[in-house]
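The structure appears below as C-alpha cells.
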Amino acid sequence: MRKTLVFVLGLLLFSPLNFAQPQKQTNNQEEYQLQINRTDEIIQIDGDLSESIWQTADVADNFWQKWPRDDQRAAKKTEVRLTYDENFLYLGATCFDSTNHVIQTLKRDIDYWDSDGLAIVLDPVNKKTYGFIFGLSPLGVQMEGLLIGSEGVNREWDNKWFGEVKQYTDRWTLEMAIPFKTLRYESGNVTWRINFIRNDVKNNQYHTWARVPLQFDGIDLGYTGAMMWDQAPPKPKNNISIIPFITGSTARDFEVDTSKVDWSGSAGLDAKIAVSSSLNLDITINPDFSQIEVDRQVTNLTRFSIFFPERRTFFLENSDLFANFGIPPIRPFFSRRIGLDEKGQTIPILFGARLSGNLDDNWRIGLMNMHTGKKEDINAQNYSAVAFERRLFERSTIKGMFLNRQAFEGGEAMGNDYNRNADLEFTYQNKSGNWMAWTGYHRSFQPQANDKARFMNAGFWFNGRNFEMVLDALDMGSNYYADMGFVQR
C-alpha cells in the first residue's frame with residue numbers, strides 16, 4: 001500500500017507537467033457578458049416574444065460549437081434574452097431551425113440531451129461549485145436539475161417553473177419564468193455565472209454561448225459567462241411550504257362478521273422553510289412518500305445490491321453535502337439506508353429535520369436527524385449526520401462529515417448497537433479544470449470492531465483534448481463498516 005500511495009503521489013506531482021497540453025486560457029466572464037434589466041411589463045409565458053422588453057433586452061448570440069468540435073461558430077443562429085421582475089427570472093429565446101425536430105420522449109427530465117432543446121445554466125453564488133440548469137425542448141418538454149461542481153447533474157431534483165414554446169416555419173421560440181424562490185442565492189450579488197446550451201441532435205451538434213473546451217461538459221461551471229444585473233436581484237420573499245396529509249380506510253369481512261368494521265388512518269406533515277436565501281430547512285413528520293416516482297425494474301445478476309438513486313424529495317436538495325464522500329462503490333452515506341430495509345421495503349419514518357445550504361461564499365453545511373420506528377425484528381433507529389464543505393482557492397474544497405446510527409428499544413438507546421463514521425476529504429482542481437487530485441481518510445466506530453476500521457483513498461484525474469486518465473488507489477480495512485452508506489466488498 002505504501003508503494004502504491006507513493007506512485008499516486010508521484011502522479012499528483014508530475015502528471016500535470018508531463019501530460020497537460022498547451023491550451024489558450026481565457027476568462028469567459030470577461031469575454032461573455034450579458035446585461036439583465038428589470039421590467040415592469042407583464043410577460044405572458046406563451047412562447048410568443050411580442051412583449052416590448054424582448055425587443056430591447058441585451059442579446060446572447062453568435063454561439064460556439066461545443067461538440068463535435070469547439071473551434072468554430074455554430075451554423076444555426078440562436079438568440080437569448082433575459083429580464084426579471086419582483087418574482088421571476090425570465091428567458092426569451094429564438095432558435096432558428098426547420099420544423100423537423102428530434103424529440104426522443106415527452107417525459108419530463110428523461111433523455112433531454114438526446115433531443116433538440118435549449119437550456120440555461122445558472123451559478124447564482126458565482127463560485128463554480130453549485131448551480132442550476134433548466135431546459136426546454138421544441139415541444140415544451142421541461143428538464144431541471146442541480147449542478148454539483150464536478151459531479152454533474154442531479155436530475156432527481158424537481159421544482160416548479162414555467163415554460164412554453166411556439167413553432168414557426170423557420171424557427172421556434174420559447175419563454176421561461178423561473179421563480180426566484182426556486183433558486184438559492186445571496187441577494188446582494190450582482191454578477192451570476194451563466195451559459196446557454198442548445199441541442200442540435202439531428203446534426204449531432206451541441207452549441208454553447210460561452211465557449212467550452214471540447215473535453216468538458218457544456219454544463220461545466222468553470223466556463224460560464226457573466227450575467228450582470230442592473231441592480232441587486234430582489235431578496236427572496238418568505239418561502240415556506242407546508243404540505244399536510246391525512247389518509248383513512250375502512251374494512252369489513254362480509255363472510256365472517258358483517259357487523260365488524262375495522263378503521264385505520266394516518267396523518268403527517270412535510271414542510272420546507274427558507275431560513276435564508278441560501279439556507280433551507282426541511283421538516284417531515286410521518287411521511288408516506290406516496291407521490292415519489294418508483295424505481296425502475298431491473299434484473300440483478302451480480303452479488304451486490306443495486307445502487308438505485310434517491311428520489312424522495314426530502315433528501316434531494318443539497319444532497320451532495322452528504323452523498324459525495326468516498327468514491328463509487330464505497331459511499332459512507334447513502335440516504336436510501338434510511339426508511340428502507342435491505343429488500344427496499346419501507347420502514348416507518350417517525351420524524352426528521354434537515355438543514356442545508358450556504359452560510360456564505362465559502363462555507364456550506366448540512367445537518368440532519370431522522371428517527372425510524374420499529375418493524376418486525378428491526379429495532380427503532382436514529383440517524384444523525386453533520387457535514388461541512390469549505391471552498392479553497394479557485395475550484396478546490398475541503399470537507400468533513402460525522403455520521404451516527406443508534407438503535408433504540410422502548411425509547412432507550414441500545415448502547416451495544418451503533419455505528420459511527422468520521423470522514424475528511426480534500427480535492428484540488430486547477431483553474432482551467434483539466435486536472436484534479438483528491439485524498440480522503442474515513443474511519444468507522446462500532447462495538448468491539450475498531451481495529452482495521454479505516455478506509456483511505458487517493459486519486460488523480462486528467463482530462464485532455466485527446467485522452468482522459470483516471471487513477472485511484474484505495475485501502476479498506478476488514479472492519480470498516482458504514483451502516484448509513486453503500487459499500488461493496
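- A salt bridge does not link Asp423 to Lys399: none of the charged nitrogens lies less than 4.0 Å from a carboxylate oxygen.
- A salt bridge is absent between Arg391 and Glu389; no separation between the charged side-chain nitrogens and carboxylate oxygens falls under 4.0 Å.
- Taking the six-membered ring for Trp and thresholds of 30 and 60 degrees, Phe180 and Trp229 have ring planes inclined between 30 and 60 degrees apart.
- A donor-acceptor contact shorter than 3.5 Å links the side chain of Ser115 to the backbone of Gln104.
- In summary, the side chains of Asn419 and Gln446 do present a donor paired with an acceptor at a separation below 3.5 Å, with no hydrogens or angles considered.
- Between the side chains of Ser444 and Asn421, no donor-acceptor pair is found at a separation under 3.5 Å.
- Taking a 6.0 Å sphere around CG of Asn300, one finds it holds more than 12 heavy atoms contributed by other residues, nucleotides or ligands.
- Under the 3.5 Å distance criterion, with hydrogens and angles disregarded, a donor-acceptor pair is assigned to the side chains of Asp270 and Thr284.
- Nearest heavy-atom pair, Ala93 versus Leu91, reported as atom, atom and distance to 0.1 Å: CB-CD2, 4.0 Å.
- Proximity of the aromatic rings of Phe196 and Trp209 is defined here by a centroid distance below 6.0 angstrom, and this criterion is met.
- Using cut-offs of 30° and 60° for the angle between ring planes, the Phe132 and Tyr130 rings count as perpendicular.
- In terms of heavy atoms, Asn189 sits closest to Trp192 at O-NE1, 3.4 Å.
- Aromatic ring orientation, Phe455 versus His442: parallel (interplanar angle below 30°, classes split at 30° and 60°).
- Among residues two or more places apart in sequence or in another chain, the ring-ring contact (aromatic ring centres under 6.0 Å, His included) test is passed with Trp461 by none.
- Counting only N and O atoms by type, the side chains of Tyr418 and Asp483 include no donor and acceptor under 3.5 Å apart.
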